[in-house]
Amino acid sequence: MKITLAKTAGFCFGVNRAVNMVYELTKKGKKVCTLGPIIHNEQLVKELEEKGVRVISSPDEATSEDTLVIRSHGVPREIYNKAVKTGAKVVDATCPFVAKIHKIVRENSGEKKVILIAGDKLHHEVIGICGNAENTPTFVYSNLSELEKLIKNHPEFSEKQIIAVAQTTFNAEIWAECQKNIKKGYTNALVFDTICNATAMRQQEAYELSKVSDCMIVIGGQNSSNTAKLYDVCSANCGHTYFISTVKELREDMYKDKENIGVVAGASTPAHIIKEVIKTMSENLQSVEQVEEAVQKSFEEMTDEEAFEASLSALTGDQKVVGTVLAVSENEIQVDIGRGLAGYISREEYSADPNADILKEVSVGDTMNLIIMRTNDQEGTVMLSKRRFDAIAGWDNIVAAKENGEILTGTVKDVIKGGITVYSNGIRIFIPASQATLTKNESLEALKGTEVRFQIIEIGRGRRAVGSIRNILKEERKAAAAKVWETITVGDRFTGTVKSLTSYGAFVDLGGVDGMVHISELSWQRIKNPSEVVLVGDTVEVYVKAIDTEKKKISLGYKKPEENPWVIFEKNFEVGDTVKVTIVSMATYGAFARIIPGIDGLIHISQIANKHIAKPQDELSVGQEVEAKIIAVDFEKKRVSLSIRALLPEEAPVEEVAEEAIEAPVEEAAE
């Protein structure tokens, strides 16, 4: 007699991801609640409840102190938004493959469209899919006859575009037939293959195993849709097929006297439940395929899921195991994998990062997920790789992120020809120069060593991934711009960055939108070029002077009112004061003298000396410092009249020329 356990038995990627999220949150001491059971398995849900995880049926039951986890099946958009409004921290554990269907449905919604969903209308995954269709009719069918009836009863479908998707755990064979009918009836239909690859593989393996088995044991929750489909697949080939949730439901008469026993398990079935079923049956059997060591080793000693998986197959290459660190040296790590063999991880097989320091990163007692590379039975050693395990797990995350449009984070390691390399989840991602920055000509070297956010835009052969930082920056800038335009008013102050300079002003990035500071607004003094005041890259404080929402233009001010030279002049000087001035320019009617930066006064030719002169140059020269008296000020016209003569022995009254002096054109002072 022998037992054959399906290789695909147990948690799928999406379920494993969701459960791990909850476990990690509990380890961090978070107050966790899940919107419905995290997966369709009562035993695991009960275990989580013992760790303090609450199961709630509505977002209203969550508080602002909770961390609310959206389960792997996903939820309607309305429910998700409601969860966010509760104030709780929302963690979305929706399976990436389910999230992909949500995205397809949202992007293909419209008045002239109809969405057909193959699945169970009462299943939470399907309810979530329907809830992501925006103002678009959705119809759910569970088999081929229901689809045909649906098409027959709705002739109006022919006038609209059909969008067809399937529940991730839908029967692959039935879905294939449904696709044919949809494409045959509607030439413009868009059909998306949304059945999870893992589901299809699980069903195919169950189909093949059930054909050669005398008895099939199907393990999973009674509410698990994918497990129910496994039962249907196995029942079609094997008359002795049994559906059990736990080892308590296993009876000896189910498998007694059977030569070949096949075991399959749903995507929501924890490893320890499979382990208990295998152990119970193997106690009475002589040969167990894929579980030889389950007879020799006590399962009670193995509580880690990966360790259990390791016991289900022979000790061969590419097998996953869990090791405990026994010793660490500069070039090697020794670990115990519980097989009576000495396990070794070389420096090269520890990490994909060539700069990783194992002496700093690894300590005795640490546990690691590893891949067996090769064994030496004579020496009793096994060579292991953490790098390869991380690469497999990391690549799954990268692929899922591409499908789901998920934003990843990683560290920029190198600047190479044509772009940069980023490491995320132990995977090397190439980001072209055109996708590395928001605008051209930005320094790539500045990114080296920094943590960046990016999206996967291409998956190539040989596990080659291409990413884009630019896409994220563009979306962030777009969102920031929308926020600015929603709230901006005249008088608002911003801290911005000078983005570019022109002959007429400076453009400043306000965080999503650009505003312009005209050259006249950069300084209270006359300048010929904005670069005299600011440079590209400078951080500046500006305020909004005017807004044109139609043309999307913002005029900014930079010079501060309190630095207005006329304000300073009025505060510090008055008529009758004697001031030291510098001659800055000459005119036929007099000389202009700088009192303070930004304020030039006119010394009329009649006020230069106490004698008649033909021209100002007879007594003064540019750059000369002299003392003069303020004899008149016109703040409205911004003119100041000065007199040197008033400080000299007078032959004629100064007052006779004061009016004439103050009316002289000040504009020529800039010449």
For Phe139 and Phe157, what are the C-alpha separation, side-chain angles and deciding distance, and is it a ring-ring contact (aromatic ring centres under 6.0 Å, His included)?
CA-CA 11 Å; Phe139 297 87; Phe157 285 179; 5.1 Å; yes
Verdict with reasoning, Glu348 to Arg387, per salt bridge (charged side-chain N to carboxylate O under 4.0 Å, His left out)
CA-CA 8 Å; Glu348 293 74 18; Arg387 175 180 66 85; over 6 Å; no
Is the closest side-chain heavy-atom distance between Ile115 and Pro137 below 4.5 Å?
no
Glu486 vs Lys483, salt bridge (charged side-chain N to carboxylate O under 4.0 Å, His left out): CA-CA, chis, key distance, verdict
CA-CA 5 Å; Glu486 284 177 8; Lys483 186 175 181 180; over 6 Å; no
Looking at Lys552 and Asp548, does any basic side-chain N land under 4.0 Å from a carboxylate oxygen?
no
Between Tyr350 and Glu361, does any side-chain donor sit less than 3.5 Å from a side-chain acceptor?
yes
Give a yes or no on this: more than 12 heavy atoms of other residues, nucleotides or ligands lie within 6.0 Å of atom CG of Asn135.
no
Can you check whether Ile554 reaches Trp485 side chain to side chain, under 4.5 Å on heavy atoms?
yes
With no hydrogens and no angle check, is any side-chain donor or acceptor of Arg453 less than 3.5 Å from a backbone partner on Ile469?
no
Check the pair Val508 / Thr497 against side chain to side chain contact (heavy atoms under 4.5 Å, CB included), numbers first and verdict last.
CA-CA 5 Å; Val508 178; Thr497 303; 5.8 Å; no
Taking Asn20 for the side chain and Arg17 for the main chain, is one N or O donor matched with an acceptor at less than 3.5 Å?
no
Short side-chain donor-acceptor distance under 3.5 Å, Glu349 and Ser346
no
For Val466 against Pro432, the heavy-atom pair lying closest together
CG1-CD, 3.7 Å
Please examine the side chains of Asn397 and Val399, heavy atoms only from C-beta on, and report whether any two atoms are closer than 4.5 Å.
no
Residue Lys113 excluded, over 12 heavy atoms near NZ under 6.0 Å
yes
Using side-chain heavy atoms (C-beta onward) and a distance below 4.5 Å, is Thr489 in contact with Asp492?
yes
Run the side chain to side chain contact (heavy atoms under 4.5 Å, CB included) test on Lys183 and Val191 for me, step by step, so that the C-alpha distance in whole Å, both residues' side-chain angles and the decisive distance to 0.1 Å come before the verdict.
CA-CA 8 Å; Lys183 291 177 181 178; Val191 180; 4.0 Å; yes
Do Val69 and Asp92 touch side chain to side chain, with heavy atoms closer than 4.5 Å?
no
Below 4.5 Å, heavy atoms only, C-beta onward: do Asp514 and Lys499 meet side chain to side chain?
yes
Indicate yes or no for a side-chain donor-acceptor contact from Asp66 to the backbone of Ala62 under 3.5 Å, with no hydrogens or angles considered.
no
Donor-acceptor side-chain pairing of Ser468 and Gln435 below 3.5 angstrom
yes
Please name the pair of heavy atoms, one in Ala465 and one in Ile456, separated by the smallest distance, quoted to 0.1 Å.
CB-CD1, 4.4 Å
Is it the case that more than 12 heavy atoms not belonging to Glu173 sit under 6.0 Å from its CD atom?
no
Tell me whether the rings of His124 and His73 are parallel (<30°), tilted (30 to 60°) or perpendicular (>60°).
parallel
Going by atom types only, do Asn132 and Arg106 share a side-chain donor-acceptor pair under 3.5 Å?
yes
With no hydrogens and no angle check, do the side chains of Thr169 and Gln167 hold a donor and an acceptor under 3.5 Å apart?
yes
Lys180 and Glu177 ion-paired at < 4.0 Å
yes
Give a yes or no on whether Lys121 atom NZ has more than 12 heavy-atom contacts from other residues, nucleotides or ligands under 6.0 Å away.
no
All heavy atoms of Ser424 vs all of Ile398, minimum pair found to be O-CD1, 4.3 Å
Heavy-atom side-chain proximity of Thr168 to Ile195 below 4.5 angstrom
no
Before giving the answer on side chain to side chain contact (heavy atoms under 4.5 Å, CB included), spell out for Val415 and Leu447 the whole-Å C-alpha distance, their side-chain angles and the decisive distance to 0.1 Å.
CA-CA 8 Å; Val415 177; Leu447 293 173; 6.0 Å; no
For Ala189, does its backbone N or O pair with a side-chain atom of Gln161 as donor and acceptor, under 3.5 Å?
no
Roughly how far, to the nearest 0.5 Å, is the CD1 atom of Ile127 from the CG atom of Asp120?
8.5 Å
Ignoring hydrogens and angles, state whether a donor on the side chain of Thr411 or Glu451 is under 3.5 Å from an acceptor on the partner side chain.
no
Give the C-alpha distance, both sets of side-chain angles, the deciding distance and a yes or no for salt bridge (charged side-chain N to carboxylate O under 4.0 Å, His left out) between Lys545 and Glu521.
CA-CA 10 Å; Lys545 288 180 63 67; Glu521 291 295 329; 3.7 Å; yes
The reported gap from CD1 in Ile129 to CD1 in Ile101 (rounded to nearest 0.5 angstrom) is 4.0 Å
Search all heavy atoms of Gly419 against all heavy atoms of Phe430 and return the closest pair with its distance.
CA-CE1, 4.0 Å
Tell me whether Asp414 contacts the main-chain N or O of Thr421 through its side chain, where contact means a donor paired with an acceptor under 3.5 Å.
no
salt_bridge(Arg347, Glu330) N-O dist < 4.0 Å
no
Output yes when a side-chain donor or acceptor of Thr86 lies under 3.5 Å from a complementary backbone atom of Ala83, and no otherwise.
yes
Can you tell me if Asp193 and Gln179 form a side-chain donor-acceptor pair at under 3.5 Å?
yes
Any side-chain heavy atom of Ser351 within less than 4.5 Å of one from Lys386?
no
Whether the side chain of Asp538 engages the backbone of Val540 through a donor-acceptor N/O pair (distance < 3.5 Å, no angle test) should be reported.
no
Donor-acceptor under 3.5 Å (Ser109 side chain, Glu134 main chain)
yes
With rounding to the nearest 0.5 Å, note down the distance linking CD1 in Ile519 to CD in Glu532.
7.0 Å
CD on Gln203 to CG on Asn171, rounded to 0.5 Å
5.0 Å
Pair Val544-Ile488, side chain to side chain contact (heavy atoms under 4.5 Å, CB included): steps then yes or no
CA-CA 8 Å; Val544 179; Ile488 194 169; 3.8 Å; yes
Going from CD on Glu125 to SG on Cys95, what distance comes out if it is rounded to the nearest 0.5 angstrom?
7.5 Å
Mark yes or no for whether Arg202, through its side chain, and Thr227, through its backbone, hold a donor-acceptor pair below 3.5 Å.
no
Ignoring hydrogens and geometry, is there a side-chain-to-backbone donor-acceptor pair from Glu475 to Ile472 under 3.5 Å?
no
